[in-house]
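Following: one structure in structure tokens, then a few remarks.
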Amino acid sequence: MAVIQKHGKSCSPDLVCHRENHPSDKLGAPGCHKKWPEHNTYWTRPVARVWTVVLLLGTCLLYCARVAMPICAVNMAEQFHWTKSESGMVLGSFFWGYCFTQVFGGYVSDRVGGEKVLLLSAAAWGSMTAFTPILAHFCSQPIFSMTLARFLMGLLQGVHYPSLASLCSQKVVESERGFLMSTVGSGSYLGTLVIGGAGSLMLDLYGWQSVFYVSGLLSLLWAYCMWKYLLKGEGPIITLESLGSGGPQSKLSKRHWLRLLKQPAVCAVIVTHLCTASTFFTLLSWLPTYFKDTFPDAKGWVFNVVPWLVAIPSSLFSGCLSDHLIRQGFDTASVRKLMQFFSMGVSSVFTLLLCRKTTFPWAVTFVSATMGLTTFSHSGVSVNVQDLAPSCAGALFGVMNTCGAFLGVLLVYFSGYLIESTGSWTSVFALITTVNLLGLCTFLAFADARRVDIDYSKVRHHNIHI
């Protein structure tokens, strides 16, 4: 039987692919991604572009719905007479729900398809957003109904990113995943900007209820259009039978999961994502306070808007750059490491520059550079999980995101302790840099792009007896 050595980005020299069209040869060999049966359903480029735009809008609306409560919290607190601690309880309840459904959302997406999970969850959290004002007015204790509503919002939105990772790994070819994930990821920054501008305007003109009504109804409209025009009206029904009898790519036993988690490359993506997500969450939480403390006379809209305006094109550029390098024949693992180096290494340089005394324009410049470079992780560790384990990318991304969210909360609390105890922001920025460099070193040392979710010894044994 004739064999050829595959010339690819993620194959080691000793791995080969079969050229013949014998049915058994479709299994191929490790690293020969396009020969696996589950990858025969890749989107064509035009279809992938349509889905990219749709998922970008969906992520934008996800953040519009998510940020609606923080924008309206002050007005709601005045109307319902909430204390600061009660407002904090309402806002913080989202996080706990968000953590609990990450792994579950990825698990279900790997079995029934990420598009179904995205559709059902969007319909659910869109409805929850639209009904929030009604729950607040018709409940005798608004504090409890709003806390429960935010917790449920976290549960429903927690499946979004794991479902995206699962969908991308199943439908998008390796050389285009960076662009899709970075473009869709920029929707979070776009949504924050949109709800920050339009939401504030609606808040002043029509009251806080309008923010929830518009965000929720637009989300429901997006879910309907996705169902009607992309899924062609196919019923997004998820049955217990479908969960238990997923496709070939979803059948990973507990033994396979243990073997997967023992792989250095898998541990590297978990640790790296944990570090980059937690430091991003810390910056997101404390940067407004940093500007208010350091530059009390500065205009808030400048430091709340400019960094996100930089982050959107930066995220898009990183996706285009990574895909271009892969199409040019560069090693996939090296490209992922390069993107992560910009995200965690170069960005840390600008974070450290905030430690010294500086002017407001320079501080905004450093923060914008930091946030812009951080988005390169969409083409680094966030896509690398799909390279390593496309058969369970959703569940594995859920594990990563859960760990990152928990560490993020701890890091936010610890940063507050450092600010109070030292009275200086230098310790916080030094902590963020340290965590970033720890994750970067781990990724540079152990990251890979070869599939590790398949037992290749069985594949080789099967090919020998062809």
Side-chain angles (χ1 to χ4, degrees), residues 51 54-69 93-130 148-172 180-181 184-185 187-188 191 215-216 219-220 222-224 226-227 230-231 234-240 242-244 246-247 249-250 252 270 273 277 281 378 382 385-386 389-406 408:
W51 272 95
V54 170
L55 295 175
L56 167 65
L57 292 176
T59 304
C60 175
L61 290 170
L62 177 93
Y63 269 78
C64 287
R66 181 181 301 185
V67 182
M69 180 65 79
S93 59
F94 175 89
F95 158 76
W96 298 110
Y98 188 72
C99 288
F100 290 145
T101 52
Q102 294 280 332
V103 178
F104 175 75
Y107 175 89
V108 176
S109 299
D110 291 335
R111 280 154 176 74
V112 303
E115 65 277 11
K116 291 184 178 180
V117 178
L118 286 171
L119 175 59
L120 290 174
S121 65
W125 55 256
S127 301
M128 177 63 66
T129 304
L148 178 61
R150 287 298 288 176
F151 176 79
L152 292 176
M153 276 288 289
L155 285 176
L156 296 170
Q157 290 198 350
V159 305
H160 185 82
Y161 280 103
S163 299
L164 281 179
S166 178
L167 181 63
C168 183
S169 69
Q170 297 171 15
K171 300 293 187 179
V172 183
L180 186 143
M181 290 299 291
V184 173
S188 61
S215 299
S219 301
L220 289 174
W222 175 83
Y224 173 78
M226 176 182 172
W227 170 74
L230 290 185
L231 299 183
E234 178 185 350
I237 304 301
I238 298 177
T239 63
L240 292 177
S242 65
L243 291 177
Q249 61 183 6
S250 65
L252 289 182
I270 294 176
H273 185 82
F281 191 59
H378 292 311
S382 296
V385 66
Q386 301 166 30
S391 64
C392 55
L396 188 55
F397 191 88
V399 173
M400 294 161 51
N401 231 17
T402 301
C403 294
F406 273 118

Write down the atom of [X], the atom of [Y], and the distance for their closest heavy-atom approach.
{"X": "Ser219", "Y": "Leu61", "answer": "OG-CB, 3.8 Å"}
{"X": "Leu220", "Y": "Ser127", "answer": "CD2-OG, 3.4 Å"}
{"X": "Leu55", "Y": "Leu118", "answer": "CD2-CD1, 3.8 Å"}
{"X": "Thr129", "Y": "Ser215", "answer": "CG2-CB, 4.1 Å"}
{"X": "Gly404", "Y": "Ala277", "answer": "CA-CB, 4.1 Å"}

From [atom1] ([X]) to [atom2] ([Y]), nearest 0.5 Å:
{"X": "Leu164", "Y": "Ser169", "atom1": "CG", "atom2": "OG", "answer": "11.0 Å"}
{"X": "Leu230", "Y": "Leu119", "atom1": "CG", "atom2": "CG", "answer": "10.0 Å"}
{"X": "Lys116", "Y": "Ser121", "atom1": "NZ", "atom2": "OG", "answer": "14.0 Å"}

Applied to residues 93-104, the side-chain hydrogen bond (donor to acceptor under 3.5 Å, both in side chains) test, sequence neighbours excluded, yields Gln102-Asn401

Residues in side chain to side chain contact (heavy atoms under 4.5 Å, CB included) with [X], at least two apart?
{"X": "Ala124", "answer": "Leu156"}
{"X": "Ala122", "answer": "Trp125, Trp222, Ala223"}
{"X": "Leu152", "answer": "Met128, Leu148, Leu155"}
{"X": "Val172", "answer": "Trp43, Cys168, Glu176, Arg177, Leu180"}

Quick one: side chain to side chain donor-acceptor pair (under 3.5 Å) partners of [X], sequence neighbours excluded?
{"X": "Ser109", "result": "Ser163"}
{"X": "Gln386", "result": "none"}
{"X": "Arg66", "result": "Tyr63, Gln157"}

Side chains of His378 and Val184 in contact at under 4.5 Å (non-hydrogen atoms): no

For the residue pair Trp51 and Glu115, establish whether any side-chain heavy-atom pair is separated by less than 4.5 Å.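 The answer is yes, as the side chains (C-beta and beyond) meet within the 4.5 Å cut-off.
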
Check whether Ser166 reaches the backbone of Pro162 with its side chain - one donor and one acceptor, N or O, closer than 3.5 Å.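 No; zero donor-acceptor contacts below 3.5 Å.
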
Under the ring pair (Phe, Tyr, Trp, His ring centres under 6.0 Å) test, residues paired with [X] that sit two or more places apart:
{"X": "Tyr224", "value": "Trp227"}
{"X": "His160", "value": "none"}
{"X": "Phe95", "value": "Phe406"}

Can Tyr161 and Leu62 be said to form a side chain to side chain contact (heavy atoms under 4.5 Å, CB included), step by step? CA-CA 11 Å; Tyr161 280 103; Leu62 177 93; 4.2 Å; yes

